[in-house]
Peer 1: 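Could you have a look at this structure, given as structure tokens, before my questions?
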Amino acid sequence: ARANIGVVGLAVMGSNLARNLASREGNVVAVYNRSRAKTDELVRDHPEAGFVPAFSYDEFAASLVKPRTAVIMVKAGGPTDAVIDELVRVFEPGDIIVDGGNALFSDTIRREKAVRETGINFVGMGVSGGEEGALLGPSLMPGGSDESWITLGPILRSIAAVAEGEPCVTHIGHDGAGHFVKMVHNGIEYADMQLIAEAYDLIRRGTGKTPAEIADVFAEWNRGELESYLIEITAEVLRQVDAETQKPLVDVILDQAGAKGTGAWTVQTALSLGVPVSGIAEATFARSLSSHPEQRSVSRDLPGPADALDVADADAFIEEVRLALYASKIVAYSQGFDEIRAGAAEYGWDIDLGAVSKIWRGGCIIRAQFLNRIADAYAATPDLPVLLTAPYFVEALGRGQDAWRRIVQTAAGAGIPAPAFSSSLAYYDGLRAERLPAALIQGQRDFFGAHTYKRIDKDGTFHTLWSGDRTEIEAEDTH
Ligand code: NBP
């Protein structure tokens, strides 16, 4: 045995992660893949890595020094369970199994519980940054036990992306905490992408600028407070010209957005936790709407406003779109962090929200300047109940809100869908409201279901005898 770490699953993510591990001082990496060809190819193409290839799980276990540590990088779901079963068979108490696939956090909780009974440590780890991140430095979100973190910490710190001198990895919390945070990361990514797409659409339809001209706008935005990987690649995509037709590539790409399901998981989980993540939900639903051509084709002739959008001052309009985008983005991130806070409370994880924002500054898709502001906010007030109420964000929202409202009005007036812009604004105004019409909803619930209500002026729970003489009685609290 001479390898200190092993990788199971050598498709694009696993082979890149294995190469990343092998490139760091002190690591000797064992590699195993179900079908032999991938292992042979990786070892042949990368002699510099000094891989220790294994062709059975027994051989893989024998090649690892104790405590054996292996990262699984296979398809999430059944394949992951199959590999875990094999590793549990050949590993011993104290060894560490890390699942770096995109598992649903509740699967990770289940697996951790089952594996822990064997004395083996199981760590569910979110890996962000795609293939390039895996090779050059991902953002890593490991869960699992404190004991496994002692062994894993130095190895993961050595391969993670580095942002402002700090490795983009932290021990998120126990069992499924890492995969939970990775899930919300992906949900925020959906919201951020949708907001950028809405901004592009408004600018294009409002000013008539070409995609290449709008690419310049995004490149300019990338020099300011919106600076981020997603804004940067948006400029690149908009500038791309299709070789075949010489049209902007964005105009020949079919307008149906795909999804692998992590946005839906984020929303489903938020629904069960009772946390509004409207920005993420709208982004997820917008992808669904786009992907129903049969509905869209029969809906094309639905009536819309008479006049198309015609903006008088293009530069002023673009600046207002920028402010609306930034304000909506603050809402989306605030909602995402709220979901992490609620998940931590529900599942008993001690998650440092500031540390989460810091490890997203490098390696991952939502890496951005902006995350420093989130880290600052939690450093000042670790138990901040709503992220967007931190002073910096209050200032930014105050600066942007007039423009944000005008952009949402403009979009509605012109019949341009801006679901994430407008739902974020509605959420913001909902939080701000002194009184919400929820009082009326409680009245309705009491009317048809005797669900009772509380009063603003005295303690207790009340019910109006709606079908009787409509006097109020004190009632049991039944909600
Ligand atoms: P895939 O998700 O395409 O999985 C292919 C790998 O799974 C191959 O090594 C394959 O072995 C192995 N595998 C399967 Br399928 N069934 C197996 C089984 N029953 N037993 C053992 N191995 C099995 O690979 P990927 O795109 O590299 O992604 C790996 C993981 O990383 C996934 O969970 C993915 O969601 C996650 N992830 C991906 C990205 C990304 O950007 N692609 C980013 C972050 C996380 P074979 O060669 O023998 O068929």
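Read the numbers this way: they start at 1 and go in the same order the structure lists the ligands and their atoms. The basis for the numbers below is simple: all heavy atoms, side chains too, and nothing from hydrogens, waters or symmetry mates. It should be emphasised that the depicted structure is a prediction, and the values quoted were computed from it without experimental measurement.
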Peer 1: Would you confirm whether the ring centroid of Tyr378 sits within less than 6.0 angstrom of the ring centroid of Phe337?
Peer 2: yes

Peer 1: Provide, to 0.1 Å, the distance between atom 47 (O) of ligand 1 and the closest protein heavy atom, together with that atom's residue and name.
Peer 2: Lys38 NZ, 2.5 Å

Peer 1: To the closest 0.5 Å, what do you measure between OG1 (Thr69) and CG (Asn121)?
Peer 2: 9.0 Å

Peer 1: Give the residue, atom name and distance (to 0.1 Å) of the protein heavy atom nearest atom 46 (P) of ligand 1.
Peer 2: Ser35 OG, 3.4 Å

Peer 1: Just say parallel, tilted or perpendicular for the rings of Tyr32 and Tyr57, cut-offs at 30° and 60°.
Peer 2: tilted

Peer 1: When you measure from atom 44 (C) of ligand 1 to each heavy atom in Thr262, Val127, Asp99, which option holds the nearest one?
Peer 2: Val127

Peer 1: In the protein, which heavy atom is nearest to atom 19 (N) of ligand 1, and how far is it?
Peer 2: Arg34 NH1, 3.5 Å

Peer 1: Taking only heavy atoms of Pro79 into account, list the atoms of ligand 1 that are under 4.0 Å away from them.
Peer 2: 14 (C), 16 (N), 17 (C), 19 (N)

Peer 1: Is the backbone N or O of Ala375 less than 3.5 Å from a side-chain atom of Ser357, with the two atoms forming a donor-acceptor pair by type?
Peer 2: yes

Peer 1: Closest heavy-atom contact between Gly137 and Asn20?
Peer 2: N-ND2, 3.7 Å

Peer 1: Among all protein heavy atoms, pick out the one at the shortest distance from atom 35 (O) of ligand 1; state its residue, atom name and that distance to 0.1 Å.
Peer 2: Asn102 CB, 3.3 Å

Peer 1: For atom 21 (C) of ligand 1, grab the closest protein heavy atom and report residue, atom and distance to one decimal in Å.
Peer 2: Val83 CG2, 3.4 Å

Peer 1: What's the verdict on side chain to side chain contact (heavy atoms under 4.5 Å, CB included) for Thr266 and Tyr190, showing C-alpha distance, side-chain angles and the deciding distance?
Peer 2: CA-CA 10 Å; Thr266 311; Tyr190 275 54; over 6 Å; no

Peer 1: Can you tell me which residue and heavy atom of the protein come closest to atom 39 (C) of ligand 1, and the distance to 0.1 Å?
Peer 2: Met13 SD, 3.5 Å

Peer 1: At less than 4.0 angstrom from any non-hydrogen atom of Gly9, what atoms of ligand 1 do you find?
Peer 2: 9 (O)

Peer 1: With a 6.0 Å cut-off on ring centres, are Phe105 and Tyr347 close enough?
Peer 2: yes

Peer 1: Identify, by atom number and element, the atoms of ligand 1 in contact range of Gly130, meaning under 4.0 Å from any of its heavy atoms.
Peer 2: 41 (O)

Peer 1: Any side-chain donor paired with an acceptor under 3.5 Å for Asp146 and His174?
Peer 2: yes

Peer 1: Fit a plane to each ring of Trp360 and His185, take the angle between them on a 0 to 90° scale, and name the class: parallel (under 30°), tilted (30 to 60°) or perpendicular (over 60°).
Peer 2: perpendicular

Peer 1: Is the ring centre of Phe180 less than 6.0 Å from the ring centre of Trp349?
Peer 2: yes

Peer 1: Kindly determine whether Ile196 and Leu230 satisfy side chain to side chain contact (heavy atoms under 4.5 Å, CB included), including the steps that lead there.
Peer 2: CA-CA 8 Å; Ile196 290 171; Leu230 281 171; 3.7 Å; yes

Peer 1: Do me a favour and list the nearest non-hydrogen protein atom to atom 24 (O) of ligand 1 with residue, atom name and distance?
Peer 2: Ala11 CB, 3.5 Å

Peer 1: I'd like the name of whichever of Ile365, Leu17, Asn186, Asn33 reaches closest to atom 9 (O) of ligand 1 through any heavy atom.
Peer 2: Asn33

Peer 1: Check each atom of ligand 1 against the heavy atoms of Gly101 and keep those under 4.0 Å away; list them by number with element.
Peer 2: 30 (C), 31 (O), 33 (O), 36 (C)

Peer 1: Would you mind listing which atoms of ligand 1 come within a distance below 4.0 Å of any non-hydrogen atom of Val12?
Peer 2: 26 (O), 27 (O)

Peer 1: Using a strict cut-off of 4.0 Å, indicate which atoms of ligand 1 neighbour a heavy atom of Leu10.
Peer 2: 9 (O)

Peer 1: Tell me whether Ala82 has any N or O atom under 3.5 angstrom from an N or O of ligand 1.
Peer 2: no

Peer 1: When you measure from atom 15 (Br) of ligand 1 to every protein heavy atom, which one gives the shortest distance, and what is it?
Peer 2: Lys75 CB, 3.8 Å

Peer 1: For Phe55, is the NZ or CZ atom of Arg36 found under 6.0 angstrom from the centre of its six-membered ring and inside 45 degrees of the ring axis?
Peer 2: yes

Peer 1: On a heavy-atom basis, I'd like to know which of Asp81, Val74, Thr39 is closest to atom 30 (C) of ligand 1.
Peer 2: Val74

Peer 1: Check Met73 against ligand 1 and report side chain, backbone, both or neither, counting heavy atoms closer than 4.0 Å.
Peer 2: both

